[in-house]
Amino acid sequence: MKNYQISEETDLDVVNLALDTIKKEKQALVFVNTKRSAEKEAETISFKTEINDKRLEKISEDVLKVLSRPTKQCERLARCIKKGTAFHHAGLAPKQRELVEDAFRDRLVKIICCTPTLAVGVDLPAFRTILRDLKRFGTHGLNWIPVLEYLQQSGRAGRPKFDKYSESITIAKTKGDKDIIHKIYINGEPEDIYSKLAVEPVLRTYLLSLIATDFVNSRKQIVEFFSKTFWAYQYKDMHQLEIIIDKMLNLLEEWEFIKSSREEFVSADEVEDTNLKPTLLGKRVAELYLDPLTASYFIKCLRRAGNDVVKDFPLLQMVCHTLEMRPLLRTRVKEYAKVEEMLTTYDTYMLDKEPSMYETGYEAFFDSAKTALFMNDWVDERDEEYLMEEYNIRPGEIKAKLDIADWLFYCTEEISKLQQFHEIIKHIKKMRARLKYGAREELLPLLRLKNIGRIRARKLFGNKIKTIGDVSKSDLTKLIQILGKATALNLKKQVGQEVKEVKKNKRKGQKNIEDY
DNA sequence: GGACGGTGAAACTTCAGGTTGCCTC
DNA sequence: GAAGTTTCACCGTCC
């Protein structure tokens, strides 16, 4: 352990450490416990650095171009990057994350303030890691983070190629904290690892896939298989495990994903066994890697829809009320009325049944409706800044939620095919396209064109160009006015009307691109 | 006397992240 | 539980 003094240019420990890192011509990662803190910390440091670099200015500009209209978050990140700092968390648009990571690898950005996003997955070693917060908000207020996480974060320090040694620094806020940090993190042992197989959704999914792939085809084989897993090794009580497995098998059969049949003959030394076979539906659910509970829930909803009219909001709420979509957006007290109103409006169209106020799932149901509300606004062409203000959801989180929704809708589509719910498939296809682009239905024809997103499609639509046919008919001059030259020419090309670029030997009456 | 701006205490709000799947020629 | 943000009372200054 080294002992040295760091110059105190400010009265903020993290800022001093960051400035010291830069002075040493090194880089650091600062780990904090919230997205908001990551942004604030990066900004505070950025006010104190004396970095000016043309390359950083370029990256800063790129960061602003990622969305159709930069949000306040984009602008804040851009300002930080200009000064050689950045923040990094799951709320960043994927492209921005990439820009930040690359800039750090290129040693242009010196300090990244981040949430644990950077502790796992991404390989971004630094000379120094600064762990500002070792406590995080959990079920019982603030808790110390697991030792394993501490190791993950501090382990980001160390670049064998560049440095002879590296540093991981934690900041204690009180003398008491200092002692605790020493005891549990620096001198302590990491926690034991526990098998995730015991978690019901994982077990259900895994059990079904074992049967669906013919890896096992009887109850006995299943028990045998699980007895060899880490789960059984840790759990020790195999009898208890069998009870859990039976419970799951019963559910899978009840949901019609598997069929069981008793064997006719039972030899003297063998115990009774049950044959297990997947149904067609069960096979597909397993292939989709979808939690069987979610699959059976979708089927219930689809049955309820029958041949009735399907509306957007109920469809969105259906996919939001799943384990896959968690964590859901939380409904704040003052928002209850708004959510309630939406639920009342669509009362007769809801595919999912509203639990009574006294049931345990009541709150989750409301949250699923609020999450659906956000998606509904997205397909109503609201932009990222609006969604941030209204729902406190950032671009990166929007993308993640929409991706899950798309996957779940795809699964719904596949299940609908097998269950002969043909009517609803076209609605789902439409909704998937709208979620992808964040657009109203009327823009869908135009969105099939390349290089046309919701912004350009809306511009065209506003100019009475509403279909691909309209694009063909439309005058090139007008298209150029709306979209600019490059895009307009590209569009014409896509509809099979290539405008040749004639540079010389221009005949009378024939126009050059330059003429426009 | 009133508009304005700066300051700081108090009240209020919010709180990490992630894997799976299929394909659009 | 605590950081970060918002709100609001309070005070001084200037016109």
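Keep in mind it's a predicted model, so treat the numbers as computed, not measured. Each chain gets a letter, A, B and so on, in the order the sequences are listed, and its residues count up from 1.
- Residue A/Trp407 places its side chain closer to B/dG21 than to any other of B/dG21, B/dT14, B/dG17.
- Distances from the side chain of A/Arg330 to the nucleotides B/dC15, B/dT20, B/dG17 place B/dC15 closest.
- For B/dA16 and C/dG4, the P atoms lie 12 Å apart once the distance is rounded to whole Å.
- Ring geometry for A/Tyr206 against A/Phe225 counts as tilted: the plane angle lies between 30° and 60°, on a 0 to 90° scale.
- Comparing B/dC15, B/dG17, B/dC22 by their closest approach to the side chain of A/Thr115 singles out B/dG17.
- Salt-bridge check for A/Arg36 with A/Glu41: failed, with every basic side-chain N at 4.0 Å or more from each acidic carboxylate O.
- The side chain of A/Arg36 lies closest to B/dT13 when the candidates are B/dT13, B/dG21, B/dG17.
- Using a cutoff of 4.0 Å between basic side-chain nitrogens and carboxylate oxygens, A/Asp102 and A/Arg105 are scored as salt-bridged.
- Between A/Lys35 and B/dA16 there is a side-chain N or O to OP1 or OP2 distance below 4.0 Å.
- Both the sub-6.0 Å distance and the 45° axial angle are not jointly satisfied by A/Arg204 relative to the ring of A/Trp255.
- Of the two residues near DNA chain B, A/Ala286 and A/Arg394, the one whose nearest nucleotide lies more 5' is A/Arg394.
- For A/Tyr410, the side-chain atoms get nearest to B/dC23 when compared with the rest of B/dA16, B/dG18, B/dC23.
- In this structure, the aromatic ring of A/Phe137 is positioned over the six-membered ring of the base of B/dC15, centres within 5.5 Å and planes within 30°.
- Contact annotation: A/Lys196 does not reach the phosphate of B/dT19 (side-chain N/O to OP1 or OP2, under 4.0 Å).
- Taking atom CZ of residue A/Arg204 and atom P of nucleotide B/dT19, one finds them 21 Å apart after rounding to whole Å.
- Ring planes of A/Tyr362 and A/Phe366: tilted class, angle from 30 to 60°.
- Note that the first and last nucleotides of DNA chain C, 5' to 3', having any atom under 4.0 angstrom from a heavy atom of chain A are C/dG1 to C/dT5.
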